[in-house]
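Working notes for the structure below.
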Amino acid sequence: MRENLACVLSQNMAFSDCMKPTDVAAEKKGIKRKDWRNRIRFLLKTNSSKSILHLMTTRPHRPTADDVQQWAQSLDRLLSHKYGKAAFYIFLKSEYCEENIEFWTACEEFRILTSKKEMASKANSIYEDFIQNEAPKEINLDFHTKNDIAESLHEPTTACFLSAQRKVYSLMENNSYPRFIYSDLYNELSAAARGEGKHIKS
């Protein structure tokens, strides 16, 4: 599995799910992005990520070694586990692309709604937060997908975000997820779950 991830990782170094055009331009000018460790330290000092990581790395709350090992089997396994999803969110935040998992989660919540009134409200909220141009958490979608969603808002169904959700899932699966599995964060959580590691240093 790790060999396959290594292959995917090497093929997806463009970071298309996280890096914006301005980031790419900066890279070309030789401006290096902050390394992962510095970004994680910054996150731990400035938000609630520290408390989440504390829970994940201390007994009795931390995931088992088997849990953490299963996170490396597939993105589905990772997202279906409470702490796995939290760890992945922290990792995405360190790469400045947490909007992807936030959008995916919002779509999952939307799909289980049954009230038309709730669906209409949630659909508009998702559109305003993630889809429309200049949205505060705008995700990377093509014009046609955005347009289809906009047209569906007058009478939203549970499937109106499905295409966009699949595209975002694919971006995470092929880009961010392999990097997460090979990250210091994952390795430290894995060691902590085996009882070998210390808390993430802040």
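Note: hydrogens, waters and symmetry copies are ignored here, and every other heavy atom, side chains too, is used. For clarity, every value in this text was computed on a predicted model and none was experimentally measured.
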Using a 3.5 Å cut-off and no angle test, enumerate the donor-acceptor pairs between side-chain atoms of residues 126-134 and protein atoms at least two apart in sequence or in another chain.
{"residue": "Q132", "atom": "NE2", "partner": "E128", "partner atom": "O", "Å": "3.4"}
{"residue": "N133", "atom": "OD1", "partner": "K146", "partner atom": "NZ", "Å": "3.4"}

For L171 and I139, what are the C-alpha separation, side-chain angles and deciding distance, and is it a side chain to side chain contact (heavy atoms under 4.5 Å, CB included)?
CA-CA 11 Å; L171 282 173; I139 55 173; over 6 Å; no
Would D76 and E173 satisfy side chain to side chain contact (heavy atoms under 4.5 Å, CB included), going step by step from the backbone distance to the final call?
CA-CA 9 Å; D76 277 338; E173 184 177 41; over 6 Å; no
For residues 112-119, run the donor-acceptor check on the side chains, cut-off 3.5 Å, and write out each pair with its distance to 0.1 Å, sequence neighbours left out.
{"residue": "S115", "atom": "OG", "partner": "K117", "partner atom": "N", "Å": "3.3"}
{"residue": "S115", "atom": "OG", "partner": "E118", "partner atom": "N", "Å": "3.3"}

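- Ring geometry for F88 versus F91: interplanar angle under 30°, hence parallel rather than tilted (30 to 60°).
- Formation of a donor-acceptor pair under 3.5 Å by the N147 side chain with backbone atoms of F143 is not found in this model.
- In this structure, the side chains of F110 and K122 come closer than 4.5 Å at one or more pairs of heavy atoms.
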Run the numbers on E188 and S190 for side chain to side chain contact (heavy atoms under 4.5 Å, CB included), then give the verdict.
CA-CA 5 Å; E188 290 185 39; S190 183; over 6 Å; no
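- Nearest heavy-atom pair, Y186 versus V68, reported as atom, atom and distance to 0.1 Å: OH-O, 2.7 Å.
- At a cut-off of 3.5 Å, with distance as the only test, a side-chain donor of D142 or T145 sits close to an acceptor on the other residue.
- With hydrogens and angles left out, the side-chain atoms of R166 and S170 include no donor and acceptor closer than 3.5 Å.
- T105 and K85 form a side-chain donor-acceptor contact under 3.5 Å, judged by distance and modelled atom types alone.
- Of all heavy-atom pairs spanning C107 and Q165, the tightest one is CB-CD, 3.4 Å.
- At least one donor-acceptor pair under 3.5 Å links the side chain of D67 to the backbone N or O of T64.
- In this structure, CG on L75 lies 10.0 Å from CZ on F180, to the nearest 0.5 angstrom.
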Could you give the side-chain donor-acceptor pairs of residues 152-164 under 3.5 Å, partners two or more places apart or in another chain?
{"residue": "S152", "atom": "OG", "partner": "I149", "partner atom": "O", "Å": "2.7"}
{"residue": "H154", "atom": "ND1", "partner": "E151", "partner atom": "O", "Å": "2.6"}
{"residue": "T157", "atom": "OG1", "partner": "A159", "partner atom": "N", "Å": "3.3"}

Checking side chain to side chain contact (heavy atoms under 4.5 Å, CB included) for the pair K137/F103: CA distance, chi angles, key distance, verdict?
CA-CA 9 Å; K137 301 175 184 179; F103 172 72; over 6 Å; no
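- Distance OH/Y83 to CG/L189: 12.0 Å, rounded to 0.5 Å.
- Between L79 and W104, the closest side-chain pair of non-hydrogen atoms falls below 4.5 Å.
- Around CD of Q70, the count of heavy atoms belonging to other residues, nucleotides or ligands within 6.0 Å exceeds 12.
- Ionic pairing of E95 and R179 is present here: one or more N-O contacts between side-chain nitrogen and carboxylate oxygen are shorter than 4.0 angstrom.
- A donor and an acceptor atom, one from each side chain of Y89 and N100, are nowhere located under 3.5 Å apart.
- Of all heavy-atom pairs spanning S74 and Y177, the tightest one is N-OH, 3.1 Å.
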